Amino acid sequence: MTLAHRLAEVTERAAAAAALSGRSIDDLTIIPVTKFHPPSLIRELHSLGVRDFAENRHQEARQKAADLADLDGLRWNFVGQLQGKKARQVRGYARTIHSIDRQSLVDALASETVTTSIFLQVNLTDDPDRGGVRPDDIESLAVHALAAPGIRLLGLMAVAPLDEDPRGAFARVRELSDKLRLVAPDAVAISTGMSGDFEAAIAEGTTHLRIGTAITGNRPEPG
Ligand SMILES: *Cc1c(COP(=O)(O)O)cnc(C)c1O
């Protein structure tokens, strides 16, 4: 199958899942995750009309953003774990960062001149190494983000745990999103759904899908 076929198939499946929940594909942003793939793949997706892209490693993302600076209207999303000292560099090319999970990252990105859109990443497991803020700490992190200049809080991001039914995990994210909105009424977005579970995410209210292999095909070995 070609890239164009896979993109069309994912879009059709997403539209069908949205319709089942009384939602519209227009309410969903499909963000291809292009990590490990060469810039040529991003060029090809761009020629098919895609503008939103996600990467999870800073060095690689920065290099691709530079290589592809000639393309119109690219919107880079950063979805990987982030070191505090790299946060400002990521903002140099990415307008949206999905993996904010602590106050120090908010502080590093706070700015009187540049706006960064963020998702708070929530950890749905008991393993602190998985990245993400604990559910109980979302509210205080949100309050901190709302007070920071130049930070636009979009909503919550999560990765479904491997050992849990994704629909149940995404239902928990939806509840956490409802709670978040009590303190941050504009933070209505939800970034969940990957190649293996995006239909479940759509059923539970996701707005931003981060889809890798189902669109790109298998990833090459990391370079
Ligand atoms: C790689 C990655 C994805 C996409 O994963 P696929 O299973 O290939 O769709 C989504 N989110 C994050 C944070 C990733 O690192």
Side-chain angles (χ1 to χ4, degrees), residues 1-3 5-14 17 28-39 41-42 44-45 50 52-65 75-83 86-87 90 93-102 105 116-125 127-133 154-167 169-170 172-173 176-177 189-223:
M1 241 203 311
T2 66
L3 193 56
H5 280 117
R6 285 191 301 265
L7 176 65
E9 187 182 283
V10 165
T11 306
E12 268 169 42
R13 282 172 55 194
L28 302 175
T29 304
I30 296 176
I31 309 172
V33 183
T34 48
K35 62 192 182 204
F36 311 166
H37 285 282
L41 179 131
I42 297 167
E44 194 176 340
L45 285 169
V50 178
D52 299 286
F53 293 92
E55 290 282 335
N56 75 335
R57 297 192 307 182
H58 167 58
Q59 304 286 354
E60 178 182 345
R62 180 173 56 186
Q63 187 61 49
K64 282 182 190 165
R75 294 183 288 262
W76 290 105
N77 293 257
F78 191 83
V79 300
Q81 289 194 29
L82 194 54
Q83 291 171 270
K86 295 281 164 61
V90 169
Y93 54 85
R95 66 161 58 184
T96 306
I97 302 180
H98 293 237
S99 43
I100 300 299
D101 61 2
R102 53 196 190 276
L105 289 175
T116 309
S117 294
I118 66 166
F119 287 89
L120 304 183
Q121 181 176 356
V122 52
N123 186 350
L124 299 176
T125 75
D127 176 359
D129 291 339
R130 299 279 297 186
V133 62
L154 298 182
L156 289 184
M157 178 275 217
V159 176
L162 294 172
D163 58 357
E164 184 181 345
D165 165 48
R167 179 90 192 243
F170 296 142
R172 285 198 283 145
V173 176
L176 294 169
S177 168
I190 299 178
S191 168
T192 51
M194 308 181 10
S195 293
D197 58 23
F198 68 87
E199 283 138 323
I202 292 168
E204 295 297 343
T206 192
T207 58
H208 292 66
L209 302 157
R210 311 178 312 271
I211 301 185
T213 51
I215 293 173
T216 64
N218 287 338
R219 281 186 278 275
E221 292 298 309

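Note that ligands are numbered from 1 as they come in the structure, with each ligand's atoms numbered from 1 the same way. Note that the numbering runs from 1 along the sequence shown for the chain. Not measured: the values here are computed from a predicted model.
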Worksheet, complete the sentence: of all protein heavy atoms, closest to atom 2 (C) of ligand 1 is K35 NZ, 2.6 Å

Item to complete: Tell me which one of R57, M194, Q121, Q81 gets a heavy atom nearest to atom 10 (C) of ligand 1.
Response: M194

Discussion item. Closer than 4.0 Å to some heavy atom of I211 - which atoms of ligand 1 meet that?
Written reply: 9 (O)

Practice prompt. Might you confirm whether atom CZ of R95 has over 12 heavy atoms from other residues, nucleotides or ligands at distances under 6.0 Å?
Written response: no

Worksheet entry | ring pair (Phe, Tyr, Trp, His ring centres under 6.0 Å) involving F170 - partner list, sequence neighbours excluded | none

Worksheet entry | Among N218, N56, V79, V10, closest by any non-hydrogen atom to atom 13 (C) of ligand 1 | V79

Discussion item. The criterion is side-chain hydrogen bond (donor to acceptor under 3.5 Å, both in side chains); which residues satisfy it with D52, sequence neighbours excluded?
Written reply: R75

Worksheet item: Is E60 salt-bridged to K35, cutoff N-O under 4.0 Å?
Response: no

Worksheet item: For atom 3 (C) of ligand 1, which candidate among T216, V33, T34 holds the nearest heavy atom?
Response: V33

Worksheet item: If you look at every heavy atom in R219 and G212, which pair is closest and at what distance?
Response: NH1-CA, 4.1 Å

Worksheet item: Counting heavy atoms not belonging to N218, are there more than 12 under 6.0 Å from its CG?
Response: no

Worksheet entry | Ligand-side contact atoms (ligand 1) for residue partner S195, heavy atom cut-off under 4.0 Å | 6 (P), 7 (O), 8 (O), 9 (O)

Worksheet item: Between E55, H98, R219, R210, which one has a non-hydrogen atom sitting closest to atom 11 (N) of ligand 1?
Response: R210

